[in-house]
Amino acid sequence: MQEEKKGHFIETIITEDVENNKNDGQVCTRFPPEPNGFLHIGHAKSICLNYNMAEKFNGKCNLRFDDSNPAKEKQIYIDSIMANVKWLGFDVNTPLFASDYFQRLYEFAIELIKKGKAYVCSLPPDQIREYRGTLTEPGKNSPFRDRPVEENLELFDQMKQGVFDEGQHTLRAKIDMSSPNINLRDPIIYRVKKAAHPRTGTTWDIYPMYDFTHCLSDALEGITHSLCSLEFEDHRPLYDWIIEQLDTPCHPQQIEFARMNINYTVLSKRKLQRLVEEGHVDGWDDPRLHTLEGMKRRGYTPASIRNFCDVIGVSKKESRIDMGLLESCLRDDLNEQAPRVMGILNPLKVTIENYPDDQTETLDAVNHPKKEEMGKRQITFSKELYIEQTDFMEDPPKKFFRLGPGREVRLRYAYFITCKDVVKDENGKVIELICTYDPETRGGNAPDGRKVKGTIHWVNARDCVDATVNLYDRLFLDEDPEKDQDFVDNLNPDSLVTLDHCKLETSLGQAEPEKVYQFERMGYFCRDTKSLDNLVFNRTVTLRDTWAKVGGKK
RNA sequence: UGGGGCGUCGUCAAGCGGUAAGACACAGGGUUUUGAUCCCUGCAUUCAGAGGUUCGAAUCCUCUCGCCCCAGCCA
């Protein structure tokens with residue numbers, strides 16, 4: 001009854017199709033990755049779009065690998081892609097492969113030849129290019145364009161038998177060499193390729209090209225709406241042409257949308273690959289990368305990514321989304337889900353001079369301020385503590401609510417403490433604070449109603465664990481890393497800062513991998529899955545920090 | 001200079017002839033044992049520009065400008 005919103009343009013199109021009972025009112029989409037690399041956040045947009053449209057209209061979405069180029073495809077990519085799609089929360093129980101259609105595709109090619117709509121061209125690659133013409137000049141017909149059907153059939157069969165080398169012959173669709181749309185200038189639909197295919201091995205010596213494979217695979221699967229990115233808009237006439245020539249089960253409708261771009265990062269396979277190969281990052285799953293593997297390791301949740309894809313919308317306008325929006329979606333989810341803990345990144349020793357030397361007491365701490373069901377945990381307190389270096393200033397400005405000489409603050413869940421003295425090393429660096437505590441403020445409230453401006457986090461120096469923490473920041477300095485420069489020259493030298501000997505509350509010693517915790521006041525962190533032998537945490541994202549923004553600190 | 005697309009707030013994005021949704025960001029204010037969260041409030045007399053049609057246009061027409069994609073036996 002409140003469902004009045006129209007949705008994006010693709011949803012509008014599908015809605016109308018269903019209302020008009022097109023395809024019997026059925027909706028079937030597909031996500032068609034080529035297994036030649038790892039998935040990134042841009043793919044997530046397509047995944048969510050396709051699966052969501054299918055779900056919304058009670059249809060289904062096929063995960064279909066577009067594996068028609070054995071020279072570039074590998075099983076590890078297939079495995080990773082499946083794992084990523086599943087991780088995002090979508091069904092991958094029955095993956096499909098274009099390679100499963102190779103025999104049928106071959107038969108379709110024969111049908112085309114018999115109809116006089118395709119021919120074997122024996123022009124070498126450079127000649128094919130020359131004959132194709134340019135953007136402004138028409139191409140010219142191949143001298144092999146009018147080969148008799150029988151000869152075409154025979155040659156094509158020989159191509160299949162493997163009697164020719166790569167590049168010697170191709171099968172081309174006979175369309176129009178003078179078309180202003182270059183894709184229609186007798187496009188190659190089959191080529192000789194002697195590489196072993198991850199799934200079909202060496203059974204084939206010829207492989208269908210994308211334009212031939214994709215539309216026919218869609219048709220064979222009964223896809224109703226074939227959603228792809230803008231650069232395929234020029235291919236649509238070819239998509240339709242092929243379907244129209246052949247006797248196919250249906251004629252899917254190709255609809256194009258703009259792919260995702262995000263500022264301060266790069267998303268193309270080629271660029272990601274270069275970052276990995278040149279060693280600018282740790283690998284495909286480096287937490288600074290927006291590959292799904294990297295984001296997972298960074299601590300991104302599937303829900304946050306799905307929500308992000310939902311929030312950014314779908315249109316035909318090329319856009320660059322603000323990284324801040326991605327982070328906002330992340331924080332939204334993490335704020336709800338992440339249990340709170342305390343951890344000190346840059347420790348500053350604090351000694352409570354009026355606290356009994358050997359005493360240790362236990363205090364209650366809630367795991368989530370708004371979700372009582374997440375329970376409580378107990379933390380210990382003693383004479384020796386650690387607080388964050390940034391929570392103390394020797395000469396604090398008026399608006400600084402934290403600790404300074406003579407100032408009083410609340411230690412979260414514990415007591416009010418007052419800084420009495422500052423201990424420095426020979427270089428004048430503050431290395432320890434001597435404080436007193438008010439025994440009356442146990443739990444954090446003063447019976448006399450006294451207020452403090454600040455509450456800071458802390459850790460018991462006698463009961464904590466040592467950890468290494470990776471602080472990640474955006475990988476590039478400029479919003480558009482490619483503007484006027486090679487993007488690798490724009491890498492942020494501080495995109496990774498590693499901190500050793502961070503002091504965390506003991507419970508974190510058993511932190512589960514892939515679980516994200518909020519280190520109160522510091523951000524969200526998760527155990528690094530690549531270094532489980534040691535206690536290493538990755539910062540997923542910082543907390544919003546108005547104080548830092550005002551210029552209070554770095 | 002061929003063809004195909006796109007131009008609405010800083011960034012995304014609704015809008016489909018009836019007088020500019022929402023989100024993020026930003027700026028104020030409130031609550032708060034995270035300077036977090038949460039909660040209010042503000043934030044496009046204007047829709048790339050110029051003409052035109054109309055009682056009325058971001059929405060229709062014309063022209064202009066800007067940006068993206070296409071000449072792989074990649075997808």
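Values below: all heavy atoms of this structure, side chains included; hydrogens, waters and symmetry mates excluded. Note that the structure is predicted; figures quoted are calculated from it, not measured. Naming: A, B, ... by sequence-line order, numbering from 1 per chain.
The interatomic distance linking A:F257 (CZ) with B:C6 (C1') rounds to 16 Å, in whole Å. The distance from atom CD1 of A:I262 to atom P of B:C12 is 12 Å, rounded to the nearest whole Å. In this structure, CD of A:E388 is placed 13 Å from C1' of B:U34, rounded to the nearest angstrom. If you measure from atom CD of A:E327 to atom C1' of B:C12, you get 15 Å, rounded to the nearest angstrom. Rounded to whole angstrom, the span from the CG atom of A:D310 across to the P atom of B:C12 amounts to 18 Å. The separation between A:L411 atom CG and B:U34 atom C1' is 13 Å, rounded to whole Å. Remark: C1' of B:A13 and CZ of A:F308 are 13 Å apart, rounded to the nearest angstrom. As rounded to whole Å, 9 Å separates atom C1' of B:U37 from atom CG of A:L543.
Atom C1' of B:A48 sits at a distance of 23 Å from the matching atom of B:U54, rounded to the whole Å. A distance of about 15 Å separates the C1' atoms of B:A21 and B:C16, rounded to the whole Å. Here, B:A57 and B:U19 have their P atoms 12 Å apart, quoted to the whole Å. The gap from the C1' atom of B:G4 to that of B:A58 amounts to 24 Å, rounded to the nearest Å. Remark: the separation of the C1' atoms in B:C55 and B:C63 is 26 Å, to the nearest Å. Separation of the P atoms belonging to B:G10 and B:U45 is 10 Å when rounded to the nearest angstrom. Between B:C43 and B:G72, the distance separating the two C1' atoms is 49 Å to the nearest Å. B:U31 and B:C40 are spaced 15 Å apart, taking the P atom of each and rounding to whole Å.
The side-chain tip of A:R274 points at the ring of A:F487 from less than 6.0 angstrom away and within 45° of straight on.
The ring-ring contact (aromatic ring centres under 6.0 Å, His included) with A:Y190 is formed by just one residue from the set A:Y106, A:F108, A:F156, A:Y210; it is A:F156.
For A:E336, the salt bridge (Lys or Arg N to Asp or Glu O under 4.0 Å) partners two or more places apart in sequence, or in a different chain, are A:K371. Contacts of A:E505 classified as side-chain contact (heavy atoms from CB on, under 4.5 Å), with partners at least two apart in sequence or in another chain: A:V341, A:M342, A:R377, A:I379, A:V459, A:S507, A:L508. Taking the salt bridge (Lys or Arg N to Asp or Glu O under 4.0 Å) definition, one finds that A:D438 meets it with A:R450, sequence neighbours left out. Qualifying salt bridge (Lys or Arg N to Asp or Glu O under 4.0 Å) partners for A:E221, counting only residues two or more places apart in sequence or in other chains: A:R64. Under the side-chain contact (heavy atoms from CB on, under 4.5 Å) criterion, A:V541 pairs with A:E327, A:L330, A:R331, A:L334, A:Y524, sequence neighbours left out.
Base orientation of B:G72: syn (glycosidic angle within 90° of 0).
Taking the side chain of A:K317 as heavy atoms from C-beta on, and the options B:G7, B:G4, B:U34, the nearest nucleotide is B:G7. The A:S319 side chain lies nearest to B:C12 when the options are B:C12, B:G35, B:C26.
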Nucleotide N/O to protein N/O under 3.5 Å, stretch nucleotides 41-43 of chain B:
none

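At the heavy-atom level, A:R340 lies under 4.0 Å from base atoms of the strands shown. Within 4.0 Å (heavy atoms only), A:R410 reaches at least one base atom of the nucleic acid. Contact annotation for A:K316: backbone-only contact, meaning every heavy-atom pair under 4.0 Å involves sugar-phosphate atoms and none involves a base. A:Q518 comes within 4.0 angstrom of a base, heavy atoms only. Within 4.0 Å (heavy atoms only), A:V314 reaches sugar-phosphate atoms of the nucleic acid but no base atom.
Ring centers of A:Y437 and A:F416: at least 6.0 Å apart, outside the cut-off. Checked against a 6.0 Å centroid threshold, the rings of A:F257 and A:H8 do not count as neighbours.
OP1 or OP2 of B:G35 has at least one side-chain nitrogen or oxygen of A:R521 nearer than 4.0 Å. Listed pair A:R320 / B:C12 fails the phosphate criterion, with no side-chain N or O lying under 4.0 Å from OP1 or OP2. For the OP1/OP2 pair of B:A13 and a distance below 4.0 Å, the side-chain nitrogens and oxygens of A:S315 include at least one atom meeting the criterion.
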Tabulate below the donor-acceptor pairs under 3.5 Å that side-chain atoms of residues 159-166 of chain A make, not counting sequence neighbours, or state none.
from, atom 1, to, atom 2, distance (Å)
A:Q161, NE2, A:D157, OD1, 3.2
A:E166, OE2, A:K194, N, 2.7

Would you mind writing out the side-chain donor-acceptor pairs for residues 130-141 of chain A within the sub-3.5 Å range, not counting sequence neighbours?
from, atom 1, to, atom 2, distance (Å)
A:T134, OG1, A:T136, N, 3.2
A:T134, OG1, A:E137, N, 3.0

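Residues A:F392 and A:G404 approach most closely at CE1-CA, 3.8 Å, considering heavy atoms.
Using Watson-Crick or G-U wobble geometry with both donor-acceptor distances under 3.5 Å, B:U59 finds no partner in any strand shown. When both pairing distances are held under 3.5 Å, B:C6 makes a Watson-Crick or G-U pair with B:G66. With a cut-off of 3.5 Å on both Watson-Crick or G-U wobble distances, the partner of B:C47 is given as none. B:U37 is unpaired under the Watson-Crick or G-U wobble criterion, no partner having all donor-acceptor distances under 3.5 Å. Pair assignment for B:U19 gives none, since no Watson-Crick or G-U wobble pairing has each distance under 3.5 Å.
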Legend entry - Heavy-atom protein contacts under 4.0 Å, nucleotides 69-75 of chain B, coded B base, S sugar-phosphate only, - none: BBBSBSB

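For the pair A:F519 and A:S328, nearest-nucleotide mapping onto RNA chain B gives the more 5' position to A:S328. Summary of the strand contacts: A:K370 and A:I321 both lie near RNA chain B, and taking for each the nucleotide with the nearest heavy atom, the more 5' one is attributed to A:I321.
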